[in-house]
Protein chains: 2
Amino acid sequence: MIDQLVNIYPKKRRHKFTMTAKTSQKRNGSKTGIRRENERAILEAAESVFAEFGYRGATTSLIAERAGIPKPNLHYYFPTKEALYREVVDNIFNIWLDAADSFDDCDDPAEALTRYISKKMDISRDHPMGSKVWANEILQKAPVIHDYLETVLKDWTNSRVAIIQRWIDEGRIDQVNPETLLYMIWATTQHYADFNHQIETLNGGKPLSDDRFEAAKQQVVDIILTGIGAGRAPAP
Amino acid sequence: MIDQLVNIYPKKRRHKFTMTAKTSQKRNGSKTGIRRENERAILEAAESVFAEFGYRGATTSLIAERAGIPKPNLHYYFPTKEALYREVVDNIFNIWLDAADSFDDCDDPAEALTRYISKKMDISRDHPMGSKVWANEILQKAPVIHDYLETVLKDWTNSRVAIIQRWIDEGRIDQVNPETLLYMIWATTQHYADFNHQIETLNGGKPLSDDRFEAAKQQVVDIILTGIGAGRAPAP
DNA sequence: GTCTATAGAATGATAGAC
DNA sequence: GTCTATCATTCTATAGAC
C-alpha cells in the first residue's frame, strides 16, 4: 500500500537495509510455515506494544517477549524497530481505507452515514490496537504518516465533504459544516477503541457486552442522524 | 489535589525521595522568583513532551532542552522523571474537574449541556497538551491515574448519568443511554485537542481560525442537542 | 543555584556458534 | 532458523566544582 514512507527519527543511527511493504510482499510466495507464524506473532505483538506506548516508548524486548520469541529472532525477521513499525502502520492503513468505501455504497444520506458509522464502530471493536497506533501517531504529530495525511486522507476527506455538501444543497440534511460532522463521527467511533480502558473502568472493570456495544452503535447513529436532520435510515 | 498516587513502573529503580503535590505546595511561600520561573518553565515543557511521547517515550533531556535549562537543573527542581510526570498529571486533573462543575449550574438540559460542551471545547482550545497527556494515560491503560478513574471519575460520571436519566424520565430529552451521550461529548470535544495535528493538516496546515473554531463549537452543541431532542438552549 | 562530567542501567542491534 | 553473548548508544540520575 505504501511503497515510500517519509524518513523519520533522523537522529537514530542508520541501518543497511530497511524492509518495505513491497519487499516483504515479494517474499510471500516462498514463506515457510515457521516464518509466516513468527511474522504474524511479531506483528500482533508489535501492534499492541506500539498502541500502548507509541513508537518511542515501545521496546523491542517487550515486543519479542509478547510474541514469545527471543529478541534476536525479532531482528532476524524485521531488521529494525522502524521497519517493524512501518509494517504495523501499513496494515492499519489498509483497514481504514477499506472502511471508507462504505461511505459510497449508497446515495441516501441516512443510509450512507448509517453504514459508515456502523463500520467505523465495528473497526473500533475488532481492531482497537490499530486505532490506538493511529491515535499515537497523531499525538506525536504523525512523524511517519504526515505526508499520507496530506495526500490520501486529504483527498478522501475532500471528496466526502463534497458529497455531504451536495446533500445539504439538495435539502436532504440540515446545514452543517461537513468537516465538523466528519470529525464528530471519527471522534465518537474511535473513542470506543482509543479510550476503551476508560470505558471499561466506568463499566465496572469489564468490557462492554456485545448487546451494550450494539446499543451504543445504534445510539450514535440515531443521535447523529437526528442531529443533522437526516432522520433514520430506511429499513433495508 | 492528589496526595497519594498509585505506584507505577515498579521495574525502574527506586529513589530516595518523591516530591508530591503536597510537599511542593508547602514550599510555595518561600519560593524565590528564579525557582518559581524555572518550575513553571519545566512544567510547561514537561506537559508538551509528555503529551507528545507519553511517559515512557518522553526524555528528561528533551524536557530540559524545551525548558531552556541544563538537564541536571531539571533534577534539582524535580528529583525524578516520575515526580515531574505526577505534577503534570495533577495540574490537568484540576482543570478537568473545574470544567465538570459547569454541568450543574442549571437544571435545563439544553442550557446545562450547552454550557458543558462549550466549556469542554474551550479547554481543548486552551489546554490541548493537558488533554493529550490524559489521552496518552488512557492509551497506556492509566498506570498513574487508574484508581482515580475508579473513584473520582466514576463518581462524577454516575451523578451526571443520574441527572441525564432524570431529564429522560421527565420527558425533557429523548430516550438515550446517558453514558453513550457522555462519551460522545467527551470524544468530540477532546478530538479538537488530541487530534489537532490531523485537523490542522486537513485545514491546509494551519490551525482553525477563531471563527471556524467558534462555529465548530456551535455546530457540536446544535447537533448533539438536536440529536437527543433537547432543541436549542434558550437565549441567556 | 548552576552546570561539567560521568556513573549505572536499559535499549537497539549484531556476531557468531549451533 | 535459533539463540547466547555482547557492543555501542542513549537514558535517568548523581557527584562535586563553581
Side-chain angles (χ1 to χ4, degrees), chain A residues 7-19 24 27 30-42 45-46 49-50 52-88 143-144, chain B residues 8-19 24 27 30-42 45-46 49-50 52-88 143:
Chain A
N7 186 28
I8 59 166
Y9 311 114
K11 282 188 292 192
K12 297 279 179 177
R13 67 201 117 126
R14 299 285 84 204
H15 310 94
K16 302 165 196 160
F17 171 65
T18 298
M19 180 187 291
S24 150
R27 291 207 309 238
S30 60
K31 275 179 188 171
T32 69
I34 290 177
R35 170 175 289 275
R36 188 177 295 108
E37 167 54 22
N38 279 341
E39 286 187 359
R40 190 207 57 74
I42 292 169
V49 175
F50 285 130
E52 195 167 335
F53 301 111
Y55 179 81
R56 288 176 55 149
T59 67
T60 52
S61 318
L62 184 55
I63 295 171
E65 186 186 317
R66 287 196 189 172
I69 60 165
K71 191 168 53 164
N73 293 30
L74 185 149
H75 286 96
Y76 172 74
Y77 289 106
F78 298 91
T80 67
K81 180 185 179 183
E82 186 179 321
L84 177 56
Y85 183 67
R86 292 183 180 201
E87 289 254 345
V88 169
V144 172
Chain B
I8 59 168
Y9 310 114
K11 281 190 292 192
K12 296 280 180 178
R13 67 200 115 128
R14 299 285 84 204
H15 311 94
K16 303 163 196 163
F17 170 66
T18 298
M19 180 184 291
S24 149
R27 291 207 309 239
S30 60
K31 274 180 189 171
T32 69
I34 289 177
R35 170 174 288 276
R36 189 177 294 108
E37 167 54 23
N38 278 341
E39 286 188 0
R40 189 206 57 74
I42 292 169
V49 174
F50 285 130
E52 196 166 335
F53 301 111
Y55 178 82
R56 288 177 55 152
T59 66
T60 52
S61 319
L62 183 56
I63 295 172
E65 185 186 317
R66 287 196 188 172
I69 61 164
K71 191 169 50 166
N73 292 29
L74 185 149
H75 285 95
Y76 172 74
Y77 289 106
F78 297 91
T80 66
K81 179 185 177 182
E82 186 179 322
L84 178 55
Y85 184 68
R86 291 184 180 200
E87 288 254 346
V88 169

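In what follows, chains carry the letters A, B, and so on, assigned in the order in which the sequence lines appear, proteins first and then strands, with residues in each chain numbered from 1.
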Using the test side-chain hydrogen bond (donor to acceptor under 3.5 Å, both in side chains), find all partners of B:Asn38 that sit at least two apart in sequence or belong to another chain. B:Tyr77
Round to a whole Å and report the spacing from CD of A:Glu82 to P of C:dA13. 9 Å
What does A:Ala64 touch in the nucleic acid at a heavy-atom separation under 4.0 angstrom: a base, only the sugar-phosphate, or nothing? nothing
If I compare all heavy atoms of B:Ala46 with all of B:Val88, which pair ends up nearest, and what's the gap? CB-CG2, 3.8 Å
Residue met sooner reading DNA chain C from 5', once B:Lys71 and B:Asn38 are mapped to nucleotides: B:Asn38
Show me the protein contacts with nucleotides 16-18 of chain C, counting only N or O atoms at under 3.5 Å.
none

Can you give me the closest heavy-atom contact between B:Ala45 and B:Ala67, atom names plus distance? CB-N, 3.6 Å
Touch class at under 4.0 angstrom, heavy-atom based, for B:Pro70 against every strand present: sugar-phosphate
Listed by chain and number, what are the salt bridge (charged side-chain N to carboxylate O under 4.0 Å, His left out) partners of A:Arg40, not counting sequence neighbours? A:Glu37, A:Glu44
On the nucleotide D:dT2, are OP1 or OP2 found under 4.0 Å from the side-chain N or O atoms that A:Tyr77 carries? yes
Would you please classify the geometry between the A:Tyr55 ring and the A:Phe50 ring as parallel, tilted or perpendicular, with 30° and 60° separating the classes? parallel
Is there a side-chain polar atom (N or O) of B:His75 under 4.0 Å from OP1 or OP2 of D:dT14? no
Applying a 4.0 Å non-hydrogen cut-off, can you work out what A:Ile69 is touching in the nucleic acid: base, sugar-phosphate, or nothing? nothing
If the cut-off is 4.0 Å, is A:Thr60 near the phosphate of C:dT11, judged by side-chain N/O to OP1 or OP2? no
